[in-house]
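Accompanying notes for the structure given below.
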Amino acid sequence: MNVPAELLAQRLRRASEEAARHDVDLLVVTPGTDLRYLLGIETSTHERLTCLVLAAAGHRAPPALVVPRLEAPGMADLPLDELGVELVTWTDSDDPYLLVSDLAGVPSRMAVVDSMAARHVFGLRDRLPGVGQTLAGPVLAELRMRKDSAEVAELRKAAAAIDRVHARMGELLRPGRTEAQVGADIADAIVAEGHTEAAFVIVGSGPNGASPHHDLSDRVIKPGDVVVVDIGGPLRTGYNSDCTRTYAVGAEPAGDVREIYQVLQAAQEAACQAVRPGATAESIDAAARHIITSAGFGEQFVHRTGHGIGLDVHEEPYIVGGNALELTEGMAFSVEPGIYLDGQWGARIEDIMVVTGDGGERLNGRPRDLVVL
Ligand code: ZN
Ligand code: ZN
Ligand code: ZN
């Protein structure tokens with residue numbers, strides 16, 4: 001999405017208002033998803049300092065984009081004039097942190113983005129001694145976790161794209177193939193279906209499925225294996241997909257697999273049904289956890305129920321015990337409970353949900369039953 005300048009202007013204004021509400025005088029935003037959100041800049045971070053310097057509402061300093069001179073041509077397409085953002089360039093013989101301190105005046109508390117490299121954090125600290133540093137994550141999360149309709153449309157598009165990849169699992173996930181072979185094909189399919197890259201591909205077969213963040217191995221998939229497939233990536237606009245389905249491959253799984261899977265499916269369904277404005281993040285986690293714990297598998301559900309998603313695959317709001325945040329319209333997050341039986345097998349079901357005016361919309365639509373491929 002080429003984000004319209006008007007929308008960027010609104011985001012900048014709201015960011016400086018939120019900064020003020022959080023008792024922060026100054027936001028310093030280096031390249032990453034926060035900068036992409038605020039200015040539409042896609043450059044990555046490196047040792048030369050690039051940053052947006054944004055004063056909190058009530059301060060007079062205009063926003064500035066500090067950029068190494070050699071990077072300035074890459075900023076030519078940005079609507080900086082329209083946004084009232086001053087472009088401040090520096091050369092390799094300058095001290096860019098001194099530049100920031102000149103622009104900043106005398107703040108008492110600055111917030112730096114969570115992903116800022118330590119070298120920049122310390123560089124700023126040295127040039128702005130006595131200025132308290134805090135994380136900008138909580139400030140910017142206030143904006144980023146509530147998606148506007150264009151952002152929801154991108155997440156919907158991403159979900160449809162990853163659903164199309166899961167729809168092809170019958171041809172890709174076959175007994176006799178290794179996880180790595182299947183994973184390579186899935187990665188190709190992720191790109192073929194409209195993502196710019198496969199950001200992550202988890203194929204956890206048999207005992208490997210019991211490790212939630214297992215990625216790929218040379219294990220050969222056997223008939224009767226239960227396989228966790230958790231995949232996703234960004235669209236060109238930066239918005240991500242993330243969807244897990246668990247499959248049985250080649251033969252009906254043995255023992256009590258199906259019975260335990262039913263528990264997981266009921267838990268995932270209950271959590272999705274609980275999504276509505278006013279519900280707390282932790283209540284969604286509790287809805288899933290209660291069912292799994294009651295069935296005796298609480299100890300085997302080793303992670304939170306979900307995470308926000310947008311320009312980052314993992315962002316606010318986190319669907320986790322202890323998070324009393326009230327859900328509001330536009331929040332987008334995963335609902336992905338899992339049950340992991342050490343050394344045996346595991347299962348997870350993951351959908352992306354968006355909070356609507358009176359409930360929740362599930363963006364992923366593939367069947368959630370344990371399908372035998
Ligand atoms: Zn994860
Ligand atoms: Zn996932
Ligand atoms: Zn996820």
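Positions are given from 1, in the same order as the sequence printed here. Just so you know, ligand 1 is whichever comes first in the structure, and atom 1 is the first atom listed for that ligand.
The N, O or S atom of E350 with the smallest distance to the Zn ion (ligand 3) is OE2. Residue D242 approaches the Zn ion (ligand 3) most closely through its N/O/S atom OD2. Note on D230: its N/O/S atom closest to the Zn ion (ligand 2) is OD1. The Zn ion (ligand 3) lies closest to atom OE2 when only the N/O/S atoms of E336 are considered.
Under the 4.0 Å criterion applied to side-chain N and carboxylate O atoms, R276 and D358 are not assigned as salt-bridge partners. Using a 4.0 Å cut-off between charged side-chain N and carboxylate O, E299 and R289 make no salt bridge. Checked for salt-bridge contact, R258 and E252 meet the test: a charged N lies under 4.0 Å from a carboxylate O.
Inter-residue side-chain proximity for R36 and I41 is flagged as unmet; no heavy-atom pair is nearer than 4.5 Å. Residues L54 and L26 form no side-chain contact, since every pair of their non-hydrogen atoms from C-beta on lies 4.5 Å or further apart.
Residue contact annotation: H314 places no N/O/S atom under 2.8 Å from the Zn ion (ligand 3).
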